[in-house]
2 protein chains.
Amino acid sequence: MALRHAVLAALLDEELSGYQVTKAFAAGVANFWHALPQQVYAELARLEKEGLVAGREVVQEGRPNKRLFRVTGEGLAELEGFASAAAKPAFLREDLLVQVQAADHLDADVLIERLTERYAFAEAKAALFEEQLRRMRGGLGEAEFLLRGARVGPYLTCRRGRDFERANRDWCRDVMEVLRARRAAGGEV
Amino acid sequence: MALRHAVLAALLDEELSGYQVTKAFAAGVANFWHALPQQVYAELARLEKEGLVAGREVVQEGRPNKRLFRVTGEGLAELEGFASAAAKPAFLREDLLVQVQAADHLDADVLIERLTERYAFAEAKAALFEEQLRRMRGGLGEAEFLLRGARVGPYLTCRRGRDFERANRDWCRDVMEVLRARRAAGGEV
DNA sequence: TCCTCATAGTCAAGAAAGTGACTAGTCAGT
DNA sequence: ACTGACTAGTCACTTTCTTGACTATGAGGA
C-alpha cells in the first residue's frame, strides 16, 4: 500500500501515460520514490480496476497509442485517507552503510573506491535535483515561490531529495578522510 | 542479498545471540538497517547452513538457553566480496514524502499533524544516536577517536543515522513553516 | 496472586518489491 | 541496409518484507 499512493500523487497535477509515470519514477526524476515499469503498469491497472484512476486512450500518429491516466474523486479520497493516517518513518537502507559498518575488518582501499563512486553519484543527483528546482521556481526567488507559487508539494519533496544527496556526498567525503587519516596514522605506529 | 550482509556486519565485533541481533535491528539501535525477529532468525539459520556464521549453544540458568553466533572465515570473505562490488545507492522512501508531494491537494492541518509527529520522532531518534555516539567515543574527543579509536565503522554509520534524522527534523520544520505561511498569505487574498 | 515485561525463539501466510525477458513500431544516423 | 535509441507496454518468476500469530520461562511490582 505504498507505491499506489506514490503513483496517485504523481498523477495529481497532470494527466500522464504509464510510460511517463515510469519515466518520472526512473533514475533521475524520482524525488520521493522509485519503481520499475512493470510495477508502475501493474499498479495503474489495479488502481483503474478499483476506480481510483481513470484512463483514456489517445491515438497517436507515428508512434504507439497510449493511455493517459488521471486521478478520480475516489482516488483523491484514498490519498486523503492515506495522509490522515500516521506515516511510518523510513530508515536508511544503503548497501554502502553496511560496508562502512564493517570498515574495521575490510580493506580501506576497496571501501574508498565504493565511497568515491557514491560521492560522484550523490553529487550528480544533487545537481539534477537543483536543476529541477530551478525549473519549478521559474523566474521567482525561492521565498517568493514557496509563498505564492502553485504546487509547492513537488518542490518541497525535491528539496528533500537534494539535501539527502548532499548529505550523502558530505558523509562519503568525511568517511574517506577518516579512513585516509587512520591509514597515515597507522603507518606512524 | 542485503539483510544477510547487515547481519554479518553486526556480528563482526561481538558474538551475539539471535535475540540480541534482533534487538540491535529493532526500533532504536539500528543505525544502518531494520528487520523483524523472524527475518533475523531466518537469515541466521541460512547463514549457518552456508557456513558463514557459526553458532554455539550457551546454557543459562534462570532464563532460556541461547545460541551465540560469530562470523567464520567464509563469512568474512563473503563480506569482502560484497564490499568489492558496487553498492546500489538508496533513495528516500518515506510515506511522508508522498503525502507532502500531494500537499497542494490535501488539507494543510492534516499534513501539519503528520509533520509534527515526524519531527518529534526524528528529534528523539537523533538524540538516541547522539547518546550512542557519546558512549562509543568513551572519554575521547571526536577527532581523536576517529583517528585512533578501535572500530570506527559503527561510529561512522551511526553518525550518518544521526545526521539523517536531523535533516528529517529540519525538513519537517521548514515544510510546516511554508504551509503555515501560505495559509496566512491565502487569508490575505 | 495476578499481571506485565523481558528473554529466547518459531511457524505460516501474504503483500510488496525486484529481475529478466520480450513485443512492436518509429526515427536518426552511418 | 543496418544499428541503436526512444516510445509504449506486457508476462512470468523470485526474493524480500511484513503481519499475526504462538511457545516457554523467570523476575518484579500492585
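Proteins come first, then strands; the chains are lettered A, B, ... in the order of their sequence lines, and each starts at number 1. Atom set for the values below is all heavy atoms of this structure, side chains included, hydrogens, waters and symmetry mates excluded.
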Less than 3.5 Å apart, which donor and acceptor atoms pair up between the side chains of residues 170-180 of chain B and the rest of the protein, not counting sequence neighbours?
residue	atom	partner	partner atom	Å
B:Asp170	OD1	B:Arg173	NH1	3.4
B:Trp171	NE1	A:Leu156	O	3.0

Residue [X], side-chain heavy atoms: nucleotide from [options] that is nearest:
{"X": "B:Phe91", "options": "C:dG18, D:dG9, D:dT18", "answer": "C:dG18"}
{"X": "B:Lys23", "options": "C:dT7, D:dT18, C:dG18", "answer": "C:dT7"}
{"X": "B:Lys66", "options": "D:dT19, D:dG9, C:dA8", "answer": "C:dA8"}

Think [X] has a side-chain N or O under 4.0 angstrom from the OP1 or OP2 of [N]?
{"X": "B:Arg4", "N": "D:dT16", "value": "no"}
{"X": "B:Gln39", "N": "D:dT18", "value": "yes"}
{"X": "A:Lys88", "N": "D:dC17", "value": "no"}
{"X": "A:Tyr41", "N": "D:dT10", "value": "no"}

Original post:
Taking 4.0 angstrom as the limit, do A:Arg166 and A:Glu130 come out as a salt bridge?
Top reply: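 Salt bridge between A:Arg166 and A:Glu130, a charged N being under 4.0 Å from a carboxylate O: yes.
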Could one point to a donor on the side chain of B:Gln38 or the base of D:dT19 with an acceptor on the other under 3.5 Å away?
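Under the 3.5 Å cut-off, the side chain and the base do form a donor-acceptor pair.
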Exercise. Kindly say whether, by distance alone, the side chain of A:Gln60 makes a donor-acceptor pair under 3.5 Å with the base of C:dG25?
Key: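 Absent.
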### Query
Rounded to the nearest 0.5 Å, how far apart are OG of A:Ser84 and CZ of B:Arg114?
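The CZ atom of B:Arg114 is 6.5 Å from OG of A:Ser84, to the nearest 0.5 Å.
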| request: Tell me what A:Arg93 touches on the nucleic acid: a base, only sugar-phosphate, or nothing, going by heavy atoms under 4.0 Å. | output: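 Counting heavy atoms under 4.0 Å across all strands, the contact made by A:Arg93 is with sugar-phosphate only.
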Let me know the distance between [atom1] of [X] and [atom2] of [N], rounded to the nearest Å.
{"X": "B:Leu36", "N": "C:dG14", "atom1": "CG", "atom2": "P", "result": "18 Å"}
{"X": "B:Asp95", "N": "D:dT18", "atom1": "CG", "atom2": "P", "result": "11 Å"}
{"X": "A:Arg46", "N": "D:dT10", "atom1": "CZ", "atom2": "P", "result": "13 Å"}
{"X": "B:Leu3", "N": "C:dG18", "atom1": "CG", "atom2": "P", "result": "15 Å"}
{"X": "B:Asn65", "N": "C:dG9", "atom1": "CG", "atom2": "C1'", "result": "12 Å"}
{"X": "A:Glu57", "N": "D:dA8", "atom1": "CD", "atom2": "P", "result": "12 Å"}

In terms of hydrophobic clustering (I, L, V, M, F, W, Y; side-chain heavy atoms under 4.5 Å; direct or indirect links), are B:Val100 and B:Val110 co-clustered?
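Not linked; separate clusters.
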message = For A:Gln132 and A:Tyr155, which I'm curious about, is there any donor-acceptor pair between the side chains at under 3.5 Å?
response =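 No, no side-chain donor-acceptor contact under 3.5 Å.
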Please compare A:Glu43 and B:Pro37 by the position of their nearest nucleotide in DNA chain C and report the one closer to 5'.
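The answer here is B:Pro37.
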